[in-house]
Undergrad: 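Have a look at this one before I ask anything.
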Amino acid sequence: IDLTYFCCLSSCSVLGAVEGRFATEETACQPRHHYEKTKWQAEQLVFQAGLDCQTVILRPTQIFDHSKTQAIRFLLTPTFLNRLKVILKGRESAQIVYAHNVAAAALFYLDAPEKKKGCVDCYIVSQDEDPNNTVGQLSTFLHGTRLPSAPLFIPHCLRRLRRTSSNRGDICYSAKKLLASGFVFSY
């Protein structure tokens, strides 16, 4: 097969347990769960394949669009329990990205000036650095009413009680490298 471009759609979850507040493409991957580990293994296969074409790995945060709303389902329906979730998680980063932006990033690198063949570039596709990309801000945008928000340590502690490991809700998956390459989010 004569490939000129290969794009592997991975996930920010390959990073697993993140130390500190910001995660970049250089953050060490520490996958913990099966999904994270299989995405990490797929990335390793791409790195080791030595493809003779421009190769890009995209690591989006949770992808959503009008038909795939799982990541924001609790924000869409203002039931009592969902409003309680918004109050508890309001200050946390929503860690979501619109599907069209992920597709646009893949197409951007298809049309980008070709880099050295055999070289693999990795990019985080995230809008976590947008101050409006928090659970509370999205809820306010969707429903017009701003709910109070618990301190960040509360949802993190509650998740730690439920399971053994959890990232803090204020971790920012940084898209600075993506933006520095000239990509612009449309949505």
Side-chain angles (χ1 to χ4, degrees), residues 5-33 35-44 46-47 53-73 75 89-116 119-142 152 155-156 166-187:
Y5 174 70
F6 183 82
C7 179
C8 171
L9 187 59
S10 185
S11 169
C12 278
S13 68
V14 298
L15 298 173
V18 174
E19 301 293 328
R21 168 117 166 59
F22 289 91
T24 68
E25 294 80 2
E26 288 74 39
T27 301
C29 292
Q30 303 175 52
R32 300 169 292 194
H33 308 291
Y35 176 80
E36 297 167 355
K37 290 176 182 176
T38 56
K39 286 289 191 179
W40 174 243
Q41 290 167 348
E43 283 190 16
Q44 295 311 298
V46 171
F47 277 111
C53 64
Q54 182 172 346
T55 306
V56 172
I57 296 174
L58 298 180
R59 291 178 176 169
T61 50
Q62 294 182 82
I63 301 171
F64 81 98
D65 74 2
H66 68 281
S67 66
K68 185 181 185 305
T69 60
Q70 183 175 354
I72 60 170
R73 187 169 295 142
L75 289 169
K89 299 171 70 147
R91 294 183 189 194
E92 292 191 324
S93 172
Q95 297 175 338
I96 59 172
V97 64
Y98 192 49
H100 291 256
N101 286 328
V102 177
L107 293 173
F108 175 79
Y109 291 106
L110 174 66
D111 296 331
E114 200 169 304
K115 298 194 178 197
K116 182 180 175 188
C119 180
V120 179
D121 284 315
C122 184
Y123 299 93
I124 289 177
V125 185
S126 163
Q127 291 177 282
D128 285 2
E129 290 156 309
D130 180 339
N132 292 317
N133 197 3
T134 65
V135 171
Q137 288 293 89
L138 290 174
S139 175
T140 301
F141 173 76
L142 290 169
L152 277 168
H156 176 65
S166 171
N167 279 330
R168 293 183 335 277
D170 64 341
I171 290 175
C172 174
Y173 293 95
S174 177
K176 285 184 180 176
K177 180 179 174 185
L178 175 72
L179 297 171
S181 72
F183 180 76
V184 177
F185 286 101
S186 300
Y187 302 97

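In what follows, residues are counted from 1 in the order of the sequence shown.
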Undergrad: What pair of heavy atoms forms the shortest contact from Ile96 to Asp128, and how long is it?
TA: N-OD1, 4.3 Å
Undergrad: Run the salt bridge (Lys or Arg N to Asp or Glu O under 4.0 Å) test against Asp170 and tell me which residues pass, sequence neighbours left out.
TA: Arg168
Undergrad: Could you walk me through whether Val97 and Val102 pass the side-chain contact (heavy atoms from CB on, under 4.5 Å) check?
TA: CA-CA 7 Å; Val97 64; Val102 177; 3.7 Å; yes
Undergrad: Specify the closest pair of heavy atoms between Gln127 and Tyr187, including all atoms of both residues, with the distance to one decimal.
TA: NE2-O, 2.9 Å
Undergrad: Are Thr61 and Val125 side-chain neighbours, meaning at least one heavy-atom pair lies under 4.5 Å?
TA: no
Undergrad: Sequence neighbours left out, what passes ring-ring contact (aromatic ring centres under 6.0 Å, His included) with Phe64? Give chain and number order.
TA: Tyr98
Undergrad: Could you pull out all residues at least two apart from Lys176 that satisfy side chain to side chain contact (heavy atoms under 4.5 Å, CB included)?
TA: Glu129, Ser174
Undergrad: So which atom in Ser126 and which in Tyr173 form the shortest heavy-atom distance, rounded to 0.1 Å?
TA: OG-O, 2.8 Å
Undergrad: Is the CD atom of Glu26 crowded by more than 12 outside heavy atoms at less than 6.0 Å?
TA: yes
Undergrad: Step by step, would you call Ile124 with Leu178 a side-chain contact (heavy atoms from CB on, under 4.5 Å)?
TA: CA-CA 7 Å; Ile124 289 177; Leu178 175 72; over 6 Å; no
Undergrad: Apply side-chain contact (heavy atoms from CB on, under 4.5 Å) to residues Ser93 and Thr134 and explain how you reach the verdict.
TA: CA-CA 4 Å; Ser93 172; Thr134 65; 5.6 Å; no
Undergrad: Mind checking what makes side chain to side chain contact (heavy atoms under 4.5 Å, CB included) contact with Ala99, not counting sequence neighbours?
TA: Ile63, Asp65
Undergrad: State, without any angle test, whether Gln137 and Asn132 hold a side-chain donor-acceptor pair at a distance under 3.5 Å.
TA: yes
Undergrad: Can you tell if the side chain of Lys39 reaches within under 4.5 Å of the side chain of Pro31, non-hydrogen atoms only?
TA: no
Undergrad: Check whether any side-chain heavy atom of Ile57 lies under 4.5 Å from a side-chain heavy atom of Val120, and answer yes or no.
TA: yes
Undergrad: Testing the basics here: between Phe108 and Gly182, what is the closest heavy-atom pair and its distance to 0.1 Å?
TA: CZ-C, 3.6 Å
Undergrad: Please say whether more than 12 non-hydrogen atoms of neighbouring residues, nucleotides or ligands are located less than 6.0 Å from CZ in Phe141.
TA: no
Undergrad: State, to 0.1 Å, how close Ile171 and Gly20 come at their nearest heavy-atom pair, and which atoms those are.
TA: CG1-O, 3.9 Å
Undergrad: Using atom types as modelled and distance alone, determine if a side-chain donor or acceptor of Asn101 lies under 3.5 Å from a backbone N or O of Ser186.
TA: yes
Undergrad: Heavy atoms, side chains only, cut-off 4.5 Å: are Lys89 and Glu92 in contact?
TA: yes
Undergrad: Going by salt bridge (Lys or Arg N to Asp or Glu O under 4.0 Å), name the residues that satisfy it together with Glu25, two or more places apart in sequence or in a different chain.
TA: none
Undergrad: For Glu19 and Gln30, work out which heavy atoms get closest and say how close.
TA: CG-NE2, 4.5 Å
Undergrad: For Thr140 and Gly136, indicate whether the former's side chain and the latter's backbone hold a donor-acceptor pair under 3.5 Å.
TA: yes
Undergrad: Nearest 0.5 Å, please: how far is CG in Leu58 from SG in Cys122?
TA: 8.0 Å
Undergrad: Establish, yes or no, whether a centroid distance under 6.0 Å links the rings of Tyr123 and Phe183.
TA: no
Undergrad: Return a table of donor-acceptor pairs under 3.5 angstrom between the side chains of residues 5-15 and protein atoms on other chains or two or more places apart.
TA:
| unit_1 | atom_1 | unit_2 | atom_2 | d |
| --- | --- | --- | --- | --- |
| Tyr5 | OH | Ala106 | O | 2.7 |
| Ser10 | OG | Glu43 | OE2 | 2.6 |
| Ser11 | OG | Ser13 | N | 3.0 |
| Ser11 | OG | Ser13 | OG | 2.9 |

